[in-house]
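Just below is one structure, and these are the notes that go with it.
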Amino acid sequence: MKLKLNGFENEIEFEEETVNVISVNNVECFRNIISSINSKILGEEINEVFLLNDEKEELDMNKEVLMVLDVFNIDYNSKKILSKIYELIEEKIVMNQDFEIDNKIFELRNYIIEEINELPFEFIMKDEIKIMDILKMYSLKIDSDNYNKLTEKIEFLIDIISTLKIAKILIIPNMKLFLTDEEVVEVYKYSLYNNVNLLIIERNDRKKLKYEKKLVIDENFYDYFE
């Protein structure tokens with residue numbers, strides 16, 4: 001896969017054993033790149049950024065990319081994550097043909113009907129309750145209270161992405177501002193081990209770290225690999 005930023009010569013290619021870094025010297029350019037990526041993930045029709053496969057066909061960034069704008073407040077229970085969890089649980093239950101659950105649902109429905117019949121009104125209700133409805137009723141969510149260190153928070157998100165397959169690329173702007181070089185490399189190693197493509201976008205040029213493939217965009221908007 002490749003990320004193409006319109007107006008720049010070089011493309012960001014996602015390869016094994018490599019973490020991509022875009023270092024942007026101009027603040028307006030930095031802001032526009034992040035804004036464009038965010039808009040594309042949200043499904044807006046813009047021409048500033050494209051995600052391409054090996055055949056140069058455009059991919060849906062909403063499906064392939066997850067971007068975290070605030071590493072201190074990562075939403076582990078976003079709609080995208082919970083929907084995938086519910087879907088996987090439902091598939092497992094259906095695959096196991098868990099008739100006991102179906103019977104319990106049927107019994108509960110009959111009990112409710114009996115109570116309704118005591119009232120002098122007409123009602124309508126669903127003919128069938130799905131496993132997905134039950135999961136939502138119980139407000140099943142990921143418990144993230146045990147992850148306090150910033151590296152733990154990021155690595156936990158990488159675990160979620162790797163396990164649920166909800167994205168192929170994780171983008172974290174300004175991550176290196178909040179971590180030591182040693183912590184950054186630790187996160188890099190963790191993402192590579194879990195086969196999650198990591199892209200870091202930073203405001204100022206910093207020293208190149210292990211595993212990094214760095215694209216620099218200077219004040220004159222000239223882009224080159226360092």
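In terms of the side-chain hydrogen bond (donor to acceptor under 3.5 Å, both in side chains) criterion, K153 has no residue partners (sequence neighbours excluded). Residues satisfying the side-chain hydrogen bond (donor to acceptor under 3.5 Å, both in side chains) criterion with Y188, sequence neighbours excluded, are E212. Scored by the side-chain hydrogen bond (donor to acceptor under 3.5 Å, both in side chains) test, N62 finds no partners at all (sequence neighbours excluded). Qualifying side-chain contact (heavy atoms from CB on, under 4.5 Å) partners for T180, counting only residues two or more places apart in sequence or in other chains: E182, E183. Not counting sequence neighbours, the partners of D223 by the side-chain hydrogen bond (donor to acceptor under 3.5 Å, both in side chains) test are N10. Under the salt bridge (charged side-chain N to carboxylate O under 4.0 Å, His left out) criterion, K84 pairs with E87, not counting sequence neighbours. Legend: residues meeting side-chain contact (heavy atoms from CB on, under 4.5 Å) with Y138, ordered by chain and number and at least two apart, are I134.
In this structure, N6 contributes its side chain and N47 its backbone to a donor-acceptor pair below 3.5 Å. Without hydrogens or angle criteria, S83 side chain to K79 main chain gives a donor-acceptor distance under 3.5 Å. Although no hydrogens or angles enter the test, the distance criterion places no donor-acceptor pair under 3.5 Å between the side chain of N194 and the main chain of V196.
The side chain to side chain donor-acceptor pair (under 3.5 Å) analysis of residues 159-175, with sequence neighbours excluded, yields the pairs D159-Y190. Residue pairs meeting the salt bridge (Lys or Arg N to Asp or Glu O under 4.0 Å) criterion with at least one partner in residues 1-14, sequence neighbours excluded, are K2-E11.
The CD1 atom of I217 lies 9.5 Å from the CG atom of N26; values are rounded to the nearest 0.5 Å.
Between V65 and L51 there is a side-chain heavy-atom pair separated by less than 4.5 Å. With a 4.5 Å cut-off on side-chain heavy atoms, I46 and S36 count as touching. A heavy-atom distance below 4.5 Å is not found between the side chains of I160 and I158. Residues D54 and M1 fail the side-chain proximity criterion, which asks for heavy atoms closer than 4.5 Å. When side chains are defined from C-beta on, L52 does not count as touching L59, because their heavy atoms never get closer than 4.5 Å. L179 is listed as a side-chain neighbour of V187, based on a closest heavy-atom distance under 4.5 Å.
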query: Hey, mind stepping through D181 and K207 against salt bridge (charged side-chain N to carboxylate O under 4.0 Å, His left out) and telling me if it holds?
result: CA-CA 9 Å; D181 290 348; K207 72 175 183 179; 3.2 Å; yes
task: Take E202 and K214 through the salt bridge (charged side-chain N to carboxylate O under 4.0 Å, His left out) test and state the conclusion after the steps.
output: CA-CA 10 Å; E202 56 184 9; K214 180 182 287 189; 3.7 Å; yes
Quiz: residues 140-149 side-chain donor-acceptor pairs under 3.5 angstrom, not counting sequence neighbours:
{"unit_1": "D143", "atom_1": "OD1", "unit_2": "D145", "atom_2": "N", "d": "3.1"}

Quiz: residues 115-124 side-chain donor-acceptor pairs under 3.5 angstrom, not counting sequence neighbours:
{"unit_1": "N117", "atom_1": "ND2", "unit_2": "I113", "atom_2": "O", "d": "3.2"}

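Here Y224 is tied into one hydrophobic group with V216, Y222, each link being a pair of ILVMFWY side chains closer than 4.5 Å.
Taking a cutoff of 4.0 Å between a charged side-chain nitrogen and a carboxylate oxygen, E64 and K40 do not qualify as a salt bridge.
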